[in-house]
Participant: 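This is the structure I want to talk about, given as structure tokens.
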Amino acid sequence: MTHLSLLRHSARRAMAMPALALALAAAPAGAHEVVHQIQRQQAVSVTLEYSDGEPFSYETYELYANHDKTPVQTGRTDAHGRVVFLPDQQEGTMRLRAFSADGHGVDLRFPVPAAAPEGQAGGAADAGAGLGRPAKLLAGLAAILALFAGWQLFIRQKSKP
Amino acid sequence: MHIPDGFLSPQTYLPAYGVAAAAWLWAAKGLRQRLDEQTVPKLAAMTALAYGLGLIMVPIPGGTSGHALGIAMLALLFGARLAFLSYSLVLLLQSLLFGAGGITALPINALAMGLVGAWSAAAAFRALRGVNETLAVVAAAWLSVMMSGLAVALVLGVQPLVAHGADGTPLFFPFGFSIVLPAVLLPHALIGVGEALLTLFVWRFARKRNWCPA
């Protein structure tokens with residue numbers, strides 16, 4: 001090998017090194033890139049509100065799948081008090097914990113709602129199902145009055161000679 | 001102010017059940033003498049009123065809402081022990097029927113609102129009655145709300161300290177004292193004003209009918 005060819009070889013090696021370094025650096029840089037997909041899917045929506053209908057909005061929540069200790073989703077409820085999520089599994093239970101700083105909130109466990117046919121809304125599970133609010137109010141008042149009436153009868157019986 | 005289930009650690013609510021059970025026994029002692037035939041209908045009516053008041057949510061400036069307690073009127077008319085017992089019944093029914101407050105949190109709710117609230121109302125009323133009766137009723141009601149709120153906020157605020165994971169993540173209520181104390185107490189300062197006016201109205205109504213203790 002002549003002196004000139006040795007110089008050319010060294011120059012090629014010197015140029016190849018940065019090119020290799022760039023190529024290596026480009027691979028992990030590509031892995032850090034965030035790509036996105038925009039899709040319309042069937043999500044589950046849980047709406048939280050105070051009993052007067054005011055939405056439980058912008059409050060902290062944690063969502064757990066089954067009995068996992070790490071939440072699958074955390075964040076804040078939206079302006080309408082909603083937590084919206086796409087369940088990874090078709091069955092099982094979810095746990096939703098939501099807190100406001102003043103001590104309001106919920107700790108809910110519920111089954112993953114069944115997926116609705118395309119283009120239809122899924123079934124709604126209402127925590128207030130069963131007795132309506134007025135009926136519950138009356139039931140509570142009746143329980144209070146019955147308890148005190150029972151006490152009144154008891155002390156009347158006891159005070160009889 | 002009703003703490004729901006899932007907010008308190010077992011380290012909190014299990015001992016609280018013990019303390020509350022002792023307090024309920026203490027309050028029930030001599031019940032037959034204190035809850036006589038004349039007192040029963042009045043206490044029933046006031047307990048029903050407190051139950052209803054706790055379910056009426058009133059919007060508060062700042063995007064939250066609150067409700068009156070009714071513990072001060074019970075304490076002023078019937079004493080702290082009867083007030084504590086009847087308010088515990090109110091909390092139990094609100095929890096079972098409406099989910100307002102949890103069953104695990106019942107002893108804390110009862111001790112904070114029923115006992116601390118009733119005691120602070122009765123103490124403030126006794127201290128200020130000699131100065132001015134209206135002032136005493138108003139101060140008693142406002143203080144009962146604030147002291148109940150303080151007790152609830154302290155119990156909630158301590159949760160991240162007493163129950164957290166290995167990495168420090170809170171396992172139950174996540175906010176510490178610096179967040180929960182102002183979040184609970186500031187709205188309740190306003191709720192206390194409403195409670196004071198309501199208690200004064202009920203006190204005057206009861207006074208006209210000679211319901212009030214001497």
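On a predicted model such as this, the values are computed, not experimentally measured, just so you know. Residue numbering restarts at 1 for every chain, and letters A, B, ... go by the order of the sequence lines.
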Participant: Given heavy-atom pairs under 4.5 angstrom as the criterion, report whether the side chain, backbone, both or neither of A/Leu145 touches chain B.
Facilitator: side chain
Participant: Are a donor atom and an acceptor atom from the side chains of A/Glu62 and A/Tyr64 found within less than 3.5 Å of each other?
Facilitator: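 Indeed, the side chains of A/Glu62 and A/Tyr64 share at least one donor-acceptor pair under 3.5 Å.
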Participant: So what's closer than 4.5 Å to chain A heavy atoms on B/Leu186: side chain, backbone, both or neither?
Facilitator: neither
Participant: Quick check on B/Leu171 against chain A: is it the side chain, the backbone, both or neither that has a heavy atom closer than 4.5 Å?
Facilitator: backbone
Participant: Among the options A/Leu147, A/Asp107, A/Val106, pick out the one with the most heavy-atom pairs lying under 4.5 Å from chain B.
Facilitator: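 Max contact count across the listed options: A/Asp107.
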Participant: So which atom in B/Trp119 and which in B/Ala80 form the shortest heavy-atom distance, rounded to 0.1 Å?
Facilitator: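 Looking at all heavy atoms of both residues, the closest pair is CD1-CB, 3.8 Å.
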Participant: Give, for atom OG1 of A/Thr60 and atom CZ of B/Phe175, the distance between the pair rounded to the nearest 0.5 Å.
Facilitator: 3.5 Å
Participant: Using heavy-atom distances under 4.5 Å, tell me whether B/His2 contacts chain A through its side chain, its backbone, both, or neither.
Facilitator: backbone
Participant: For A/Ala142, is it the side chain, the backbone, both or neither that has a heavy atom under 4.5 Å from a heavy atom of chain B?
Facilitator: neither
Participant: Kindly say whether the aromatic ring centers of A/Trp151 and A/Phe154 come within a distance under 6.0 Å.
Facilitator: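 Ring-ring flag for A/Trp151/A/Phe154: true, centres closer than 6.0 Å.
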Participant: What part of B/Leu35 gets within 4.5 angstrom of chain A, counting heavy atoms only: side chain, backbone, both, or neither?
Facilitator: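 For B/Leu35, the contact with chain A is made by backbone and side chain together.
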Participant: Kindly state whether the ring of A/His104 and the ring of A/Phe56 have centres lying under 6.0 angstrom apart.
Facilitator: no
Participant: Just checking, is any N or O donor in the side chain of B/Thr12 or B/Gln159 under 3.5 Å from an acceptor N or O on the other one?
Facilitator: yes
Participant: For chain B, which of A/Gly53, A/Ala143, A/Ser100 has the most heavy-atom pairs under 4.5 Å?
Facilitator: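 Highest number of heavy-atom pairs under 4.5 Å: A/Ser100.
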Participant: Are B/Thr169 and B/Asp167 close enough that a side-chain donor and a side-chain acceptor fall under 3.5 Å?
Facilitator: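 Yes, B/Asp167 and B/Thr169 have a side-chain donor paired with an acceptor closer than 3.5 Å.
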Participant: Would you mind telling me which of B/Gly52, B/Gly99, B/Ala44 has the largest number of heavy-atom pairs within less than 4.5 Å of chain A?
Facilitator: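 Among the listed options, the one with the most contacts to chain A is B/Ala44.
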Participant: Is chain A contacted by the side chain of B/Leu156, its backbone, both, or neither, given a heavy-atom distance below 4.5 Å?
Facilitator: side chain
Participant: Could you tell me which of B/Leu43, B/Ile3, B/Val152 has the largest number of non-hydrogen atom pairs under 4.5 Å with chain A?
Facilitator: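 Heavy-atom pair counts peak at B/Leu43.
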Participant: Looking at every heavy atom in both B/Leu74 and B/Ala50, which two are closest together, and how far apart are they?
Facilitator: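 Of all heavy-atom pairs spanning B/Leu74 and B/Ala50, the closest is CD1-CB, 4.1 Å.
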